[in-house]
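Following: one structure in structure tokens, then a few remarks.
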Amino acid sequence: MSNKPTFDLITIFPEYMAPLNLSLIGKAQEKGLVEIAVHDLRQHATNVHHSVDDTPYGGGAGMVMMPEPWGKAIDQVAAQRPGTIHDLIILTPAGRRFNQSIAQEMSSYEHMIFACGRYEGIDIRVTEHYQNTPGFRVHELSIGDYVLNGGEVATLAIMESIIRLIPGVLGNPESIVEESHSITTADGGVLLEYPSYTKPAEWRGLPVPEVLLSGNHALIEKWRAEQASARTQKVQNHLK
Ligand code: J9T
């Protein structure tokens, strides 16, 4: 049995991570299925003002996070787990686009360190340094083509998608396989889920499709597959 997956989050806003104590992720921690620790980057500040950012070399707008507080924070959490591979996740709009298959892959990682940058980003030498450090794998990830104020919200989204895949976290594991974003299409995309209905059979003049009331499971399955594929087509056309 491998150890339970451990997440070390480094941020200047530890309070931002409070939602991880709620709902399924909170329960997963209580059940001992995952371990989550949040660390304040500012504790690793190297000057009297406890600043963690400075002006960019070469000029330009905004501030850049200095490498040394990151180096100290990352080294400290890595030292707590000797002999394990450390997957360092750096959240940035310049990263690889996160998706379900990356979530799947990450759900087998043992030790993830999430570096939540603020301002205009983290000095790139942090990435370079850990790419060259044995025992580390570095992943720059984006959750989509838009800019956030920091990596915290991206970390919450990515962690939720990973943790729900860990065995024992969800009540009904079958729902993981069946749902949206889990069935990969031939082109490497994802098959979206079919539309769902529940009682009443007619709501504000809108009926539930006949086929779903028919009791004919083969026909229902066929209808759902068609709906899923039509939805997927429609979304893919939107992206073009
Ligand atoms: C500062 O971080 C971001 O703005 C960010 C991180 C991850 N994905 C994004 N799309 C943005």
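Just so we're clear, the structure is a prediction, and the values are computed from it rather than from any experiment. Because only heavy atoms are used, hydrogens play no part in the values below, and waters and symmetry mates are left out as well, while side chains stay in. In listed order, ligands and their atoms are each counted from 1.
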Kindly confirm or rule out a cation-pi arrangement of R137 over Y109, judged by NZ or CZ under 6.0 Å from the six-membered ring centre and within 45° of its axis?
yes
Does any donor atom in the side chain of E152 or T11 lie under 3.5 Å from an acceptor atom in the other side chain?
yes
Which atoms of ligand 1 have any heavy atom of T92 under 4.0 Å away?
6 (C), 7 (C)
To the nearest 0.5 Å, tell me how far L24 CG sits from Q29 CD.
12.0 Å
Identify, by atom number and element, the atoms of ligand 1 in contact range of S142, meaning under 4.0 Å from any of its heavy atoms.
7 (C), 8 (N), 9 (C), 10 (N)
Within 6.0 Å of CD in Q227, more than 12 heavy atoms from elsewhere:
yes
Within-4.5 Å side-chain heavy-atom neighbours: L156 and L20
yes
Which of the atoms of ligand 1 are close to Y146, meaning less than 4.0 Å from one of its heavy atoms?
9 (C), 10 (N), 11 (C)
Does atom CD of E221 have more than 12 heavy-atom neighbours from other groups under 6.0 Å away?
no
Nearest protein heavy atom to atom 10 (N) of ligand 1, by residue and atom, and its distance?
G144 O, 2.8 Å
Which residue holds the protein heavy atom closest to atom 8 (N) of ligand 1, what is that atom called, and what is the gap in Å?
I143 N, 3.0 Å
Counting from 1, what ligand 1 atoms have a heavy atom of L141 closer than 4.0 Å?
7 (C)
Considering only heavy atoms of A154, which atoms of ligand 1 have at least one such atom less than 4.0 Å away?
7 (C)
Output the list of atoms in ligand 1 that are nearer than 4.0 Å to some heavy atom of G150, sorted by atom number.
1 (C), 2 (O)
Atom 4 (O) of ligand 1: the protein heavy-atom neighbour that sits closest, reported with distance to 0.1 Å
L148 N, 2.9 Å
Suppose we measure from atom 3 (C) of ligand 1 to each protein heavy atom; which comes out shortest, and what is that distance?
P93 CD, 3.4 Å
I'd like to check M106 versus F98 (side-chain heavy atoms, cut-off strictly below 4.5 Å). Are they in contact?
yes
